[in-house]
*Asks:* 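Please find one structure pasted underneath; my questions will follow.
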Amino acid sequence: MEINVLWAVGLCFLLVGDGVKVEASHQPYRNLQSLPREQPYRTAYHFQPPKNWMNDPNGPMFYKGVYHLFYQYNPYAAVWGNISWGHSISYDLVNWVHLEPAINPSEPFDINGCWSGSTTFLSGEKPAILYTGADPKKRQVQNLAVPKNATDPLLIEWVKSPHNPLLTPIDDIDPDNFRDPTTAWQGPDKVWRVIIGSKIKGRGMAILYQSKDFVNWTRSNKPLHSSTKTGMWECPDFYPVSVNSKNGVETSAQDIFTKHVLKASFKDCDHYILGNYTLKTENFLADTDFMDTGFDLRYDYGKFYASKTFYDSAKKRRILWGWVTESDSESDDIRKGWSGIQSIPRSIVLSRTGQQLVQWPIKEIEELRTNKVSFDSKELKGGSIFEVSGITASQADVEVSFDLPNLNEAESVDPSWVDPQLLCSQKEASVKGTLGPFGLLVLASKDLSEQTAVFFRIFKRNDNYAVLMCSDQSRSSLGDGLHKTTYGAFVSMDPSDRKISLRSLTIQLSRVLMGKGGLASLLEYIQNWLLIKKPTYMYSTMELLVLEFQSLVLGA
């Protein structure tokens with residue numbers, strides 16, 4: 001493969017179903033930002049520090065006109081270790097200025113790492129950080145830091161509390177499973193509450209603590225919530241969402257017009273449940289519990305973990321960030337000098353049904369669009385591949401709408417199909433079906449030996465239709481030793497609507513040249529948003545946005 005292929009983005013429509021016609025209109029936008037010559041494979045519109053390792057977003061917030069993003073960071077290498085709180089600022093959530101780390105390991109209570117946590121605004125809108133530290137015995141303890149100068153909108157310097165550690169793993173708490181404090185919330189009684197992720201006697205849980213002064217904390221006699229089906233809860237998040245408004249809600253808000261979201265990271269995914277929280281009794285009554293059969297709610301069904309939300313008071317919205325891991329080997333990360341990115345920030349609200357969350361990329365992302373390429377009413381016949389010309393950048397924002405005239409030809413759902421990810425692997429893009437597959441071949445090489453297929457299949461289910469959407473990375477790279485996972489999920493489809501729209505924010509995350517100028521590793525990171533019926537249903541693949549799902553597995 002010639003080196004010049006590295007700079008080509010192959011966007012092809014794929015249709016291999018027998019006798020199926022699909023009409024498509026297409027609008028890709030190339031990213032305006034250029035990639036630095038010395039690091040040509042970095043993203044230009046996802047957040048990442050200039051170099052080295054990054055993982056969890058810690059305590060994003062808006063303060064005195066400035067957006068702050070803190071994140072787990074290794075200042076010295078592109079692998080996990082020496083964990084500090086990286087710190088970057090922005091005025092638009094798109095363009096970032098990288099500052100020195102806000103918190104570094106330096107004291108006995110965090111000498112082995114300053115791990116994940118959250119920010120909270122105390123009285124007078126003064127920010128505070130609660131974070132997990134690893135002490136000399138590598139026990140996990142909870143610590144406090146505050147700004148040295150709260151009048152500084154950049155919050156460059158932070159001071160650790162002399163009272164640290166505030167919370168230690170005593171009694172039945174496992175010192176290896178006690179971490180990641182949430183943003184705290186305060187009731188009318190002026191008492192602060194915070195939860196810490198844990199696992200006790202096999203139960204994943206959110207341990208609840210209370211404090212009047214944010215320094216001295218008392219453990220509640222019961223956790224906020226727990227489960228035997230999950231394992232350790234990492235990076236929990238707990239926040240209200242409005243039931244009658246698309247505006248976000250401040251973290252301490254509690255009234256009859258809100259529901260609460262409890263998120264926990266486990267089994268490599270970010271799971272959430274919805275419920276009603278009563279502050280007086282500290283009772284959280286979940287609508288459905290974690291891992292309930294047939295109703296497994298997640299933020300995302302792909303590479304997305306340890307997420308954190310914050311309330312953006314400037315635009316009255318709640319914004320979600322998540323850590324996106326890569327598929328490279330550790331040696332590749334060291335060679336290129338960095339590892340990990342943050343997801344595109346998403347606004348998050350409650351669906352009209354009140355049963356799921358609705359997510360969408362923040363509006364500011366569209367500022368990066370330039371050089372529009374478009375066409376309309378292109379008919380794609382079964383087995384055809386259409387190359388989209390005019391896109392030469394390595395990153396593109398693609399919007400495509402498929403019109404489906406033959407829905408009545410869809411095959412029926414097999415009751416045994418309960419795992420959409422497995423089904424996507426079995427019915428890959430080259431396997432013909434009655435209605436599908438059709439979609440995009442993203443970042444494809446000229447000979448299509450390397451490609452990432454993002455595609456749909458339509459099935460009948462009772463009196464309705466089910467859409468299976470897949471992201472197949474099995475051919476994303478010719479390199480060995482890489483994660484080449486296929487992701488997928490189901491979404492219901494209104495039979496009166498015969499149109500599927502897809503938005504794909506496509507970039508090259510990592511490609512490593514190895515020997516003879518060949519392409520040994522071509523890895524892509526894709527965000528795909530499926531929009532059906534104005535926008536009743538929506539989801540993505542590698543970062544999956546779940547909107548208005550009526551069921552997440554067949555037969556539910």
*Asks:* So for atom CG, which belongs to N244, do other residues, nucleotides or ligands contribute more than 12 heavy atoms lying within a distance under 6.0 Å?
*Replies:*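 Above 12, so yes.
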*Asks:* With a 4.5 Å limit on heavy-atom distance, are the side chains of Q186 and V191 in contact?
*Replies:* no
*Asks:* Are the charged groups of D287 and K259 less than 4.0 angstrom apart, N to O?
*Replies:* yes
*Asks:* By the definition side chain to side chain contact (heavy atoms under 4.5 Å, CB included), identify the one residue from I129, N58, L130 that meets it with T119.
*Replies:* I129
*Asks:* Please name the pair of heavy atoms, one in H98 and one in S88, separated by the smallest distance, quoted to 0.1 Å.
*Replies:*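 The answer is ND1-OG, 2.8 Å.
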*Asks:* My understanding is that only residues two or more places apart in sequence, or in another chain, count here; which of them pass side-chain contact (heavy atoms from CB on, under 4.5 Å) with H163?
*Replies:*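 In terms of side-chain contact (heavy atoms from CB on, under 4.5 Å), with neighbours along the sequence ignored, H163 is linked to S161, L166, V215.
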*Asks:* Would you kindly say whether W96 and Y91 are connected by a side-chain donor-acceptor distance under 3.5 Å?
*Replies:* no
*Asks:* Would you indicate whether the side-chain heavy atoms of K263 and Y299 approach each other to under 4.5 Å?
*Replies:*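 A side-chain contact exists here, since the closest heavy-atom pair is under 4.5 Å.
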*Asks:* Determine yes or no for a side-chain-to-main-chain donor-acceptor pair under 3.5 angstrom, with E107 supplying the side chain and F109 the backbone.
*Replies:* no
*Asks:* May I ask you to check whether N283 and T278 show a side-chain donor-acceptor distance below 3.5 Å?
*Replies:*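 No donor-acceptor contact under 3.5 Å links the two side chains.
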*Asks:* Can you tell whether the side chains of K229 and D292 come within less than 4.0 Å, N to carboxylate O?
*Replies:*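 Judged by the 4.0 Å cut-off on N to carboxylate O distance, K229 and D292 do form a salt bridge.
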*Asks:* Side chains of D92 and S90: any donor to acceptor distance under 3.5 Å?
*Replies:* yes
*Asks:* Only one of W323, W53, F47, Y131 clears ring-ring contact (aromatic ring centres under 6.0 Å, His included) with Y71; which?
*Replies:* F47
*Asks:* Report yes or no: do S211 and N216 form a side-chain donor-acceptor pair below 3.5 Å?
*Replies:* no
*Asks:* Quick check: does any side chain N or O of Q342 sit under 3.5 Å from a backbone N or O of W321, one acting as donor and the other as acceptor?
*Replies:*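 Checked: no pair found.
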*Asks:* When you look at CD of E330, are more than 12 heavy atoms from neighbouring residues, nucleotides or ligands closer to it than 6.0 Å?
*Replies:*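 Atom CD in E330 is not packed in, count stays at 12 or less.
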*Asks:* Take atom CD in E100; do more than 12 heavy atoms of anything else shown fall under 6.0 Å from it?
*Replies:* no
*Asks:* Between R193 and E282, does any NZ, NE, NH1 or NH2 come within less than 4.0 Å of an OD or OE carboxylate oxygen?
*Replies:*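 Result for this pair is yes, salt bridge flagged.
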*Asks:* If we only count heavy atoms from C-beta on, is the D135 to I111 side-chain gap below 4.5 Å?
*Replies:* no
*Asks:* Does either side chain, that of T309 or that of R318, offer a donor lying less than 3.5 Å from an acceptor on the other one?
*Replies:*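 Yes, because at least one side-chain N or O of T309 sits under 3.5 Å from a partner of the opposite role on R318.
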*Asks:* Below 4.5 Å, heavy atoms only, C-beta onward: do D268 and F304 meet side chain to side chain?
*Replies:*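 SC-SC contact between D268 and F304 ruled out.
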*Asks:* Between P57 and K308, what is the shortest heavy-atom contact and its length?
*Replies:*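 Result for this residue pair: O-CB, 3.8 Å.
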*Asks:* How long is the span from the CG atom in L320 to the CH2 atom in W360, to the nearest 0.5 Å?
*Replies:* 15.0 Å
*Asks:* Nearest 0.5 angstrom please: I341 CD1 to Q48 CD, how far?
*Replies:* 6.5 Å
*Asks:* For the residue pair Q142 and T132, confirm or rule out a side-chain donor-acceptor distance under 3.5 Å.
*Replies:*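 Side chains of Q142 and T132: pair found under 3.5 Å.
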*Asks:* What residue among K138, K160, R179 forms salt bridge (Lys or Arg N to Asp or Glu O under 4.0 Å) with D110?
*Replies:* K160
*Asks:* Does the ring centre of F290 sit less than 6.0 Å away from the ring centre of F266?
*Replies:* yes
*Asks:* With a 3.5 Å distance limit and no angle check, can you tell me whether Y63 reaches the backbone of F121 through a side-chain donor-acceptor pair?
*Replies:*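 Not confirmed, Y63 side chain does not pair with F121 backbone.
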*Asks:* Within this structure, what is the CG-SG distance for the pair N143 and C114, rounded to the nearest 0.5 Å?
*Replies:* 7.5 Å
*Asks:* About how many Å separate NE2 of H225 and CD1 of I195, when rounded to the nearest 0.5 Å?
*Replies:* 10.5 Å
*Asks:* Any donor-acceptor pair under 3.5 Å linking the side chain of Q473 with the backbone of T485?
*Replies:* yes
*Asks:* Check S265 against S307 and note the closest heavy-atom contact, atom names and distance.
*Replies:*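 Nearest heavy atoms, S265 then S307: OG-N, 4.2 Å.
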*Asks:* Supply the atom-to-atom distance M205 CE to M232 CE, rounded to the nearest 0.5 angstrom.
*Replies:*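 Rounded to the nearest 0.5 Å, the CE-CE separation comes to 10.5 Å.
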*Asks:* I'd like to check W192 versus L122 (side-chain heavy atoms, cut-off strictly below 4.5 Å). Are they in contact?
*Replies:*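 Yes, close enough: below the 4.5 Å cut-off.
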*Asks:* Assess, by modelled atom type and distance only, whether the side chains of D152 and N149 contain a donor and an acceptor separated by less than 3.5 Å.
*Replies:*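 Not at all, the side chains of D152 and N149 share no donor-acceptor pair under 3.5 Å.
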*Asks:* Do the side-chain N and O atoms of N104 and S84 include a donor-acceptor pair separated by under 3.5 angstrom?
*Replies:* yes
*Asks:* L357 and side chain to side chain contact (heavy atoms under 4.5 Å, CB included): which single residue from L297, L274, V349 fits?
*Replies:* L274
*Asks:* Could you point out which residue of R203, R219, K199 forms a salt bridge (Lys or Arg N to Asp or Glu O under 4.0 Å) with D172?
*Replies:*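 Answer to the salt bridge (Lys or Arg N to Asp or Glu O under 4.0 Å) test with D172 among R203, R219, K199: R219.
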*Asks:* To check you understand the geometry: which heavy-atom pair defines the closest contact between G187 and L279, and what is its length?
*Replies:* CA-CD1, 3.5 Å
*Asks:* Check whether any side-chain heavy atom of S116 sits under 4.5 Å from a side-chain heavy atom of D180, and report yes or no.
*Replies:* yes
*Asks:* I'd like to know if K315 and E364 make a salt bridge, using a cut-off of under 4.0 Å between side-chain N and carboxylate O.
*Replies:* yes
*Asks:* Distance only, no hydrogens: is a donor on one side chain within 3.5 Å (strictly under) of an acceptor on the other, for Y305 and E234?
*Replies:*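 Looking only at side-chain atoms, E234 and Y305 do form a donor-acceptor pair, the distance falling under 3.5 Å.
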*Asks:* So, taking the atom named NZ in K303 and the one named SG in C269, what distance separates them when rounded to the nearest 0.5 Å?
*Replies:*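 Taking NZ in K303 and SG in C269, the distance rounds to 10.5 Å.
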*Asks:* Taking the six-membered ring for Trp, are F310 and Y239 closer than 6.0 Å centroid to centroid?
*Replies:*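 No: the rings miss the under 6.0 Å criterion.
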*Asks:* Any side-chain heavy atom of D270 within less than 4.5 Å of one from D300?
*Replies:*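 The answer is no; the side chains never approach within 4.5 Å.
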*Asks:* Answer yes or no: is there a side-chain heavy-atom contact under 4.5 Å between W85 and Y73?
*Replies:* no
*Asks:* Search all heavy atoms of S329 against all heavy atoms of L482 and return the closest pair with its distance.
*Replies:*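 The answer is N-CD2, 4.1 Å.
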*Asks:* Quick one: does K336's side chain have a donor or acceptor within less than 3.5 Å of a partner on W338's backbone?
*Replies:* yes
*Asks:* Would you tell me whether D312 and Y67 have side-chain atoms, one donor and one acceptor, within less than 3.5 Å of each other?
*Replies:*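 Short answer, yes.
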*Asks:* Under a plain distance cut-off of 3.5 Å, with no hydrogens placed, do T182 and S118 share a side-chain donor-acceptor pair?
*Replies:*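 Checked: S118/T182 side chains show no N/O donor-acceptor pair below 3.5 Å.
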*Asks:* Decide if the gap between the ring center of Y277 and the ring center of F284 is smaller than 6.0 angstrom.
*Replies:* no
*Asks:* Closest heavy-atom contact between L350 and S242?
*Replies:* CB-O, 3.6 Å
*Asks:* Short question: side chain of S252, backbone of W185 - any donor-acceptor pair under 3.5 Å?
*Replies:*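 Checking the backbone N and O of W185 against the side chain of S252, no donor-acceptor pair under 3.5 Å is found.
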